[in-house]
Amino acid sequence: MSTFYVRNALRRASNSSCVRHARQLNSITGLAVNLRRSYLYVPSSERMLEKSLLTTSDMIIYDLEDSISPSPTDKKDARIRLFHFLSGTRLPDHRRIAVRVNDISTPFFHEDINNVISSGVVSTLVLPKIHSAKDLHYVSFAVSEASKKTPLKNPLNIVPSIESARAMYNLGEIATWKSDYGTASGGRITALLFAAEDYCADTSIIRTPSRRELLFTRSQIAIWAKAFGLEAIDMVCVNYKDLDYLRDECTDGRQLGFTGKQAIHPTQVDIIQSTFVPTSREILRAAKILHGMQAAHAAAKGAIGLEGEMVDAPMLKQAENTIRIAKAAGLEIPMIS
């Protein structure tokens with residue numbers, strides 16, 4: 001994008017609308033985007049914890065729930081192992097560290113929360129079996145109580161897992177939830193996560209390779225997330241050895257509006273991260289739109305024709321988003337002249 005061209009657009013714009021658009025074009029690259037495309041689950045075993053230091057996954061979810069036997073002894077041992085690991089000096093960047101705790105109905109929940117908060121390095125809390133805002137209030141109270149002993153350095157990101165019919169019924173109140181204890185002490189919701197297998201178990205939905213039976217549910221989760229500025233995390237691909245199917249499922253999820261996807265095996269990470277970014281063709285088209293709309297705004301016009309399509313403000317916004325994400329991912333942006 002030519003700085004000289006944008007400055008000329010600003011100088012020549014004849015009304016406030018053109019000035020506003022030109023300034024937006026000039027500032028696209030200055031808006032930070034933190035990519036969270038892949039969320040890799042890591043069981044709390046010594047071997048897996050050590051291996052997690054090598055993963056390139058944007059987010060690492062250290063798991064105390066489903067990957068651990070329900071035995072109280074095993075749950076306790078897993079919690080202790082994770083706490084010792086998180087107390088060490090060799091850790092991923094804290095912004096990548098998430099923990100999935102046991103759900104609020106279990107006897108393990110409060111100890112999980114206490115250990116997460118006392119570690120001081122966890123950025124994100126993944127919450128299974130959240131059915132309503134009431135459940136989030138319960139979690140937030142536990143977080144605020146634990147933070148009295150170990151004050152949070154940064155607000156805790158809270159990610160509820162949508163895995164029941166009740167959760168879908170209450171999706172609006174979940175997406176709009178705010179802590180009664182303030183963001184600094186009680187956490188803040190930053191994403192909605194879809195747990196497809198739990199959801200199907202709860203609703204008796206029969207899973208098929210087409211994913212048709214989950215289209216409505218996944219679309220609703222993505223829409224509610226976008227409506228309130230949250231990220232939308234798509235379901236696990238359980239066919240972890242079929243990488244072609246994974247790629248297709250990733251493409252499907254991105255088309256529905258999801259911003260990232262859960263992974264259960266390290267081999268899934270690269271495909272997820274390379275799919276949840278714009279393609280080279282999308283980037284080229286976005287660059288052409290930005291270039292063409294700069295010229296249009298400089299001439300006090302609001303639309304252009306591009307390769308047989310009419311392009312105006314909504315497509316400009318899409319193009320800006322595409323370039324933003326591409327730059328954050330370190331992808332090449334072609335210069336259009």
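In this text, all values refer to a predicted model and were calculated from it rather than measured experimentally.
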Is [Y] paired with [X] through a side-chain N to carboxylate O contact shorter than 4.0 Å?
X	Y	answer
Arg247	Asp244	yes
Glu213	Arg218	no
Glu173	Lys134	no
Glu50	Arg90	yes
Asp58	Arg36	no
Arg285	Glu307	no

Just so I know, are the side chains of [X] and [Y] near enough to count as touching, which here means a heavy-atom distance under 4.5 Å?
X	Y	answer
Lys129	Ser105	no
Tyr62	Arg100	no
Met315	Glu309	yes
Leu91	Leu86	yes
Met293	Ile304	yes
Ser161	Ile130	no
Leu284	Arg281	no
Leu246	Asn239	no

Checklist line | Whether over 12 other heavy atoms sit under 6.0 Å from Arg211 CZ | finding: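 Enclosed: over 12 neighbouring heavy atoms sit under 6.0 Å from CZ of Arg211.
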
Contacts satisfying salt bridge (Lys or Arg N to Asp or Glu O under 4.0 Å) that involve residues 255-274 (not counting sequence neighbours) are Asp234-Lys261, Glu249-Lys261

What pair of heavy atoms forms the shortest contact from [X] to [Y], and how long is it?
X	Y	result
Ala184	Leu152	O-CD1, 3.3 Å
Ile333	Ala326	CD1-CB, 3.6 Å
Ala175	Ile189	O-CG2, 4.2 Å
Thr56	Val269	OG1-CG1, 3.9 Å
Ser140	Tyr181	OG-CD1, 3.6 Å
Gly186	Ile158	O-CD1, 3.6 Å

Compute whether any side-chain donor of one residue and acceptor of the other, for [X] and [Y], lie under 3.5 angstrom apart.
X	Y	value
Tyr41	Ser67	no
Gln273	Ser38	yes
Asp202	Ser164	no
Thr55	Ser57	no
Glu231	Tyr39	yes
Tyr240	Thr267	no

* Chi angles and distances behind the side chain to side chain contact (heavy atoms under 4.5 Å, CB included) call for Glu197, Val236 -> CA-CA 8 Å; Glu197 304 310 318; Val236 163; over 6 Å; no

In terms of the angle between their ring planes, are His137 and Trp177 parallel, tilted or perpendicular, with boundaries placed at 30° and 60°? perpendicular

Check whether [X] and [Y] end up in the same hydrophobic cluster, where Ile, Leu, Val, Met, Phe, Trp and Tyr are linked by side-chain heavy atoms less than 4.5 Å apart.
X	Y	answer
Ile233	Met168	no
Leu82	Ile117	yes
Trp224	Ile221	yes
Val143	Leu64	yes
Val99	Met48	yes

[atom1]-[atom2] distance between [X] and [Y], expressed to the nearest 0.5 angstrom:
X	Y	atom1	atom2	answer
Lys51	Ser45	NZ	OG	9.0 Å
Leu243	His265	CG	NE2	9.5 Å
Phe194	Leu192	CZ	CG	11.5 Å
Leu256	Gln220	CG	CD	11.5 Å
Ile162	Ile174	CD1	CD1	4.0 Å
Leu331	Ile283	CG	CD1	4.5 Å

Show, in sequence, the C-alpha distance, side-chain angles and deciding distance for Ser144 and Ser185, and conclude whether the side-chain hydrogen bond (donor to acceptor under 3.5 Å, both in side chains) test is met. CA-CA 5 Å; Ser144 67; Ser185 297; over 6 Å; no

Do Arg188 and Phe228 form a cation-pi contact, if we require the NZ or CZ to be under 6.0 Å from the six-membered ring centre and within 45 degrees of the ring's axis?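 No.
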
Checking the side chain of [X] only, and the main-chain atoms of [Y] only, is there a donor and an acceptor separated by less than 3.5 Å?
X	Y	result
Asn115	Glu111	yes
Lys75	Phe108	no
Arg81	Ser44	yes
Thr150	Ser147	no

(Q) Val101 vs Val126, test: side chain to side chain contact (heavy atoms under 4.5 Å, CB included). Steps then yes/no. (A) CA-CA 7 Å; Val101 296; Val126 177; over 6 Å; no

Given His94 and Ser123, is the side-chain hydrogen bond (donor to acceptor under 3.5 Å, both in side chains) satisfied, shown in steps?
CA-CA 6 Å; His94 76 93; Ser123 72; 5.4 Å; no

Pair Tyr199, Thr217 - check side-chain hydrogen bond (donor to acceptor under 3.5 Å, both in side chains), show working. CA-CA 10 Å; Tyr199 181 76; Thr217 302; 3.1 Å; yes

Intermediate values then yes/no, side-chain hydrogen bond (donor to acceptor under 3.5 Å, both in side chains), Thr106 and Asn102
CA-CA 7 Å; Thr106 69; Asn102 290 283; 5.0 Å; no

- Report the C-alpha distance between Ile61 and Leu40 in whole Å, list the side-chain angles of each, state the deciding distance to 0.1 Å, and finish with yes or no for side chain to side chain contact (heavy atoms under 4.5 Å, CB included). CA-CA 6 Å; Ile61 305 177; Leu40 175 65; over 6 Å; no

Self-check item: Verdict with supporting geometry, Lys288 and Leu306, side chain to side chain contact (heavy atoms under 4.5 Å, CB included)
Solution: CA-CA 8 Å; Lys288 289 179 178 179; Leu306 179 66; 4.1 Å; yes

